[in-house]
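Here is the structure we will look at, set down as structure tokens.
Just so you know, ligand 1 is whichever comes first in the structure, and atom 1 is the first atom listed for that ligand. Keep in mind that what you see is a predicted model, and the values were worked out from it rather than measured.
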Amino acid sequence: MSQMDTIIQEVTVVSGDGEYKADIGIKDGKIKLITLPGQLGAASKNVIKGKDLYALPGLIDVHVHFNEPGRTDWEGFETGSKSLAAGGVTTFFDMPLNSNPPTTTTENFQLKNSRARHRSLIDYRLWGGLVPENGHHLDSLKSAGVIGFKAFMSESGIDEFQSSNDEILLQGMKKIAQLSSILAVHAESNAMIHFLEKEKKTENKCTVRDYSESRPIASELLAVERIIQYAELTKCPIHICHVSSRKVIQRILEARSAGTNITAETCPHYLFLSLDEFEDIGSLAKCAPPLREREEVEGLWLALKNGEIDIVSSDHSPSPPDLKEGETIFDGWGGIAGCQSTLSVLLTEGYHKRGFTLSEIVTLVAVNPAKRFDLYPQKGVIQVGADADLTLIDAHEEFTLKKEDLYYRHKISPYINQTFKGKVKWTISKGRVVFSDDL
Ligand SMILES: [Zn+2]
């Protein structure tokens, strides 16, 4: 047997459909061998004792904003990827905004890609943007290697990434369908948000609750309905980003059973924080769509349990602390810094509190993302020949997240001082140890 680069001994391997004990041999960035436990001796320079640990396929976070180039002072590939590694993530998909320039042309793609290649600690893919007037770039963006395209149905909050009107969406979706690619959508109704926000401000109603009410579930439903109709018309595969309510999920499931190629993601903040916490925490927990009532949080957990939601992604969207400030909650940056804590939330709230199995969790953060975006079985599964992307966890260790534990450029997050159960001990990306709890 040729010498392995790394051996993991007697670990419990978690797949999408169960668990088993094994030794794992890693060579040249790939999983080379999986044997019965105790079979692989110390014939390697790196031996990890996995006896009390679970090995999960490395997490794939399909939705982050690392803001490089152009807004690297907000995050950047180096700090962002380090944070993900600490959170057990081995692959991320970076959104086409809030980098500047946004990833809407091949030139911009190449610029971002060269930054990511040099600075990211882990594997990655890049989203392209669908915006007004870049229809003729979709072809070349696809050839350059984008994982899919992202469009906004409401304002993005970033001037250089405009939202798409119906015509842009339809034209773009027709093209994206021809390219056998996929469109990810920020689905909120611009008209409804504008109307409600204006009304709130005129009446001087600017509390956290008012902000949430200005972007109601109905606004998500309205936009999702529209994009579903367009997907049926154009046959464009779509992925609905950051769904905040099971009511939206139910409409998505209806469309799926009618034959629409549609998936959905929710995010850890919708699973961990309700409007009550938002009122306590303030702008650090501001995002769009906003946090909802506690019953919606429970609705999402039920949907996860029923397999109704495909993917959990972080939608990590950080900004410098001063941009989170503002006269009222309507003014500060709408984005949550949280990508280091996705697995912490799922293990604590899902595995420990609600009886989810580790297989169910792995399905949401590794198997389904890999399958939906054609990375399976290179990723999303622990098997011979797959990339050696592995997350080793102690499922029972408790910790309280401290500011200094965060690797973000700006150490702000609504998860600071929260106590979690289940800790990442090792993260291995393409055979390289990119995080160790002991180092
Ligand atoms: Zn986002």
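- Cation-pi geometry between K200 and F330 is not met: the NZ or CZ atom fails to fall both under 6.0 Å from the ring centre and inside 45° of the normal.
- In this structure, K305 pairs ionically with E360, as a charged nitrogen and a carboxylate oxygen lie closer than 4.0 Å.
- Residues satisfying the salt bridge (Lys or Arg N to Asp or Glu O under 4.0 Å) test with K150, not counting sequence neighbours, are none.
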Which pairs would a plain distance check flag for residues 273-280, meaning a side-chain donor or acceptor within less than 3.5 Å of a matching protein atom at least two apart in sequence or in another chain?
from	atom 1	to	atom 2	distance (Å)
S274	OG	D276	N	3.2
S274	OG	E277	OE1	2.7
E277	OE1	S274	N	2.6
E277	OE1	R294	NH2	3.2
E279	OE1	R209	NH2	3.4
E279	OE2	R209	NE	3.4

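- Listing protein N, O or S atoms at distances below 2.8 Å from the Zn ion (ligand 1), with waters left out, gives H63 NE2, H65 NE2, D315 OD1.
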Would you give me the side-chain donor-acceptor pairs under 3.5 Å for residues 410-418, sequence neighbours excluded?
from	atom 1	to	atom 2	distance (Å)
H410	NE2	D73	O	2.6
K411	NZ	L406	O	3.1
K411	NZ	Y408	O	2.9
S413	OG	A337	O	2.9
S413	OG	Y415	N	3.2
Y415	OH	H269	N	3.2

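- A salt bridge links E397 with K425: the closest approach of a Lys/Arg side-chain nitrogen to an acidic carboxylate oxygen falls below 4.0 angstrom.
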